[in-house]
Amino acid sequence: MRTLIKNGRIATAGDLFYGDIAIDDGIIKEIGSRLGGCFDNIIDAKDKIILPGGVDVHTHFNLHTGRAVAGDDFFTGTAAAACGGTTTIVDHMGFGPANCSMEHQLRVYHEYAKDKAVVDYSFHGVIQHVNEEILDQLAVMIADEGISSFKLYMTYDYRIVDADIIRVMKRLKALGGMLTVHAENHEIIEHLREELLSHGNKEPLYHALSRPDYCEGDAVNRLISLAAAAGGVLLYIVHLTTEKALRHIENASKSGAKVYAETCPQYLLLDEDLYRQEADEALKYVLSPPLRTKRNLEELWRGIREGSIMTVATDHCPFSISLDKQRGKEDFSQCPNGLPGVEERIPLMFSEGVMKGRISINKLVEVCCTNPAKLFGMYPKKGALMPGSDGDVTIIDPECEVTLTCQGLHSNVDYTAYEGFKLKGYPVMTISRGEVIVKDNEFIGQRGRGQFIKRKIMGEIL
Ligand code: URP
Ligand code: ZN
Ligand code: ZN
C-alpha cells in the first residue's frame with residue numbers, strides 16, 4: 001500500500017515547511033516537494049498542518065482500582081486516542097495481586113491489549129514492592145520484553161519507601177532504564193486528610209486541600225536527593241502540577257541531574273476554582289495530584305516553553321460521573337481519582353497552546369510527539385516525520401472550529417473535563433503505519449490492529 005500526503009504544511013520539533021510525504025508499506029519513504037510516482041491513496045492536505053502522530057506516554061486503560069474500574073479498555077481507549085490524533089500510547093500497568101512478579105502484570109496487560117488496541121502501544125512496568133527478585137526482573141523486562149521504563153508511587157497503598165526507591169534507582173542506573181514516579185508526600189496527605197475528615201470537611205474541595213503543592217514539592221525534591229544517593233538515574237516525574245516541584249527540577253537539571261518532567265492538559269488549563277461549585281460538578285475534577293492555582297498553570301506553560309517540562313501526556317483515567325465518582329459525594333476520600341483526556345490532548349494543545357500563542361507548533365510536536373518517543377525508547381520509529389519512521393501522521397485543519405462535548409468524543413465515559421471549550425483547529429485525519437484510521441472524527445480502522453512496541457533504553461537511541 002502506497003500513500004501520498006501532498007501539499008500540507010509539515011511540522012516537526014525543529015521545522016515547519018510545505019511538502020509531501022510518501023508512505024510505503026507503513027513506513028515513511030520520502031519527504032519532499034512535488035513527489036511523484038504511483039500511489040494507492042493520495043491525500044490532499046492543502047491548508048492543513050501535518051504532525052507526527054501523537055505519543056501519549058501516560059494512560060490507564062483497563063484500570064481496576066479495587067473500588068472501581070476505569071471506563072476504557074484498550075479498544076475504546078485507543079480508538080479515542082486515535083480520534084484525537086494520537087497514534088502511540090504507553091499505558092501504566094495497574095497493580096496486581098500482592099507480591100506478584102512484574103511479568104505477571106505484563107502478561108495480564110498483553111491479554112488486555114491483544115485483539116483490542118487500534119494504535120501501537122507499550123506498557124510501563126509497575127513496581128509495587130521491592131526485593132531481590134523484583135530487582136532481577138528489571139533486567140529481564142528491559143532485555144527480553146522491551147519494557148524500558150518502570151513506575152513507582154510514593155503514595156497510595158503500594159507506595160515504595162525511600163530505602164527501596166534507592167535500591168530500584170541503583171539497579172535501573174546500571175541497566176539504563178527510566179524510573180517514572182508519582183511524587184506526593186504520603187504522610188502529609190494522610191495527616192491532612194484525617195484532620196479534614198474529622199472536622200466534617202468532606203466536599204471535593206477538601207480533596208485538593210489535603211494534597212497541597214508542598215506535598216509534590218517535597219516529594220520531587222526528595223526524589224532528586226535519592227537519585228543523587230543512588231549515583232544518578234534517569235528520573236521522570238509524571239503529571240507535574242506545581243511551580244515548587246518545577247523549580248526543584250530546574251535547579252537539579254542545572255547541576256547535571258537527569259530529571260525529566262511531564263505535565264498534562266488538565267494542569268495547564270483547569271484550575272482549583274473548579275472545586276468551588278456543587279459536588280456533582282466538582283467531583284469531575286477529583287484527581288491526584290489535584291488541580292492547582294492559576295499561578296501554577298502559568299508556571300507550567302513557562303516550563304514547557306523553556307524546556308524544563310519535556311512532555312505533555314494525559315494520565316487518562318476515566319471514571320463515570322453518574323456512578324463511580326458519586327462515591328465521593330459524601331466523602332471526597334471515597335471518590336476514584338482521575339479524569340479522561342486521551343482524545344482531547346492534541347486538540348487542546350493546538351487550540352489553547354499554539355493558536356493562543358502560548359507555544360509554537362514545533363513545541364507542540366516536541367512535547368506531544370518527539371520527546372515522549374525519545375525518552376521512552378521509541379524514536380525515530382515514533383514521534384518523527386522522517387524516512388524510515390513509521391507512517392504515523394496527524395492532519396490538523398487549523399480553520400476547523402469545534403466545541404468540545406462529551407457526545408462528540410469517543411471515550412467510554414459520561415463526561416469531559418473540557419465541556420464547552422471552543423477550539424480553533426482540530427485533527428481531521430489520523431494515519432497509523434500508512435493506514436487512515438480516523439477520518440472526520442470517525443474511527444474507521446480495525447479493532448486489534450495496534451502493535452506492541454518493544455522499546456529500547458534511551459541510551460540506545462540518543
Ligand atoms: O488521579 C489520578 N491521577 N489517577 C490515576 C492514577 C495516577 O495517580 O496516575
Ligand atoms: Zn499518578
Ligand atoms: Zn496516572
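Scope of the values below: all heavy atoms of this structure, side chains included, with no hydrogens, waters or symmetry mates. The shown structure was predicted, so the numbers you read here are calculated from the model rather than taken from an experiment. Ligands are counted one by one from 1 in listed order, and the atoms in each one are counted from 1 as well.
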Charged N to carboxylate O below 4.0 Å: is that the case for Lys329 and Asp280?
-> yes

Under 4.0 Å from one or more heavy atoms of His239, ligand 1 contributes atoms 8 (O), 9 (O)

N or O pair under 3.5 Å between His60 and ligand 1 = yes

Pair Arg358 + Glu352, salt bridge at N-O below 4.0 Å = yes

For Asn337, is at least one N or O under 3.5 Å away from an N or O on ligand 1?
-> yes

Find out whether Ile249 and Ser253 are in side-chain contact, i.e. whether some heavy atom of one side chain is under 4.5 Å from a heavy atom of the other.
-> yes

Whether His239 has an N, O or S atom under 2.8 Å from the Zn ion (ligand 3) = no

Hey, is Asp213 close enough to Arg292 for a salt bridge, meaning N to O under 4.0 Å?
-> no

Salt bridge or not for Asp390 and Lys381, using N-O below 4.0 Å?
-> yes

Can you tell me the N, O or S atom of His182 that's nearest the Zn ion (ligand 2)?
-> ND1

With heavy atoms of Leu287 as the reference, note each atom of ligand 1 found under 4.0 Å away.
-> 1 (O)

Part of Asp315 with heavy atoms under 4.0 Å of ligand 1, whether side chain, backbone, both or neither | side chain

Under 3.5 Å, side chain of Thr180 to main-chain N/O of Phe150, donor-acceptor pair present?
-> yes

Note: His92, heavy atoms under 4.0 Å from ligand 1, region reported as neither

Output yes when Asp324 and Arg67 qualify as a salt bridge under the 4.0 Å nitrogen-oxygen rule, no when they do not.
-> no

Which of these passes ring-ring contact (aromatic ring centres under 6.0 Å, His included) with His239: His60, His182, His92?
-> His182

Taking atom 8 (O) of ligand 1 as the reference point, the nearest protein heavy atom with its distance = Tyr156 OH, 2.8 Å

Among all protein heavy atoms, pick out the one at the shortest distance from atom 1 (O) of ligand 1; state its residue, atom name and that distance to 0.1 Å.
-> Ser288 N, 2.7 Å

Between Gly338 and ligand 1, does any nitrogen or oxygen pair lie at a separation below 3.5 Å?
-> yes

Mind reading off the angle at the Zn ion (ligand 3) between the OD1 atom of Asp315 and the NE2 atom of His58, rounded to 10°?
-> 90°

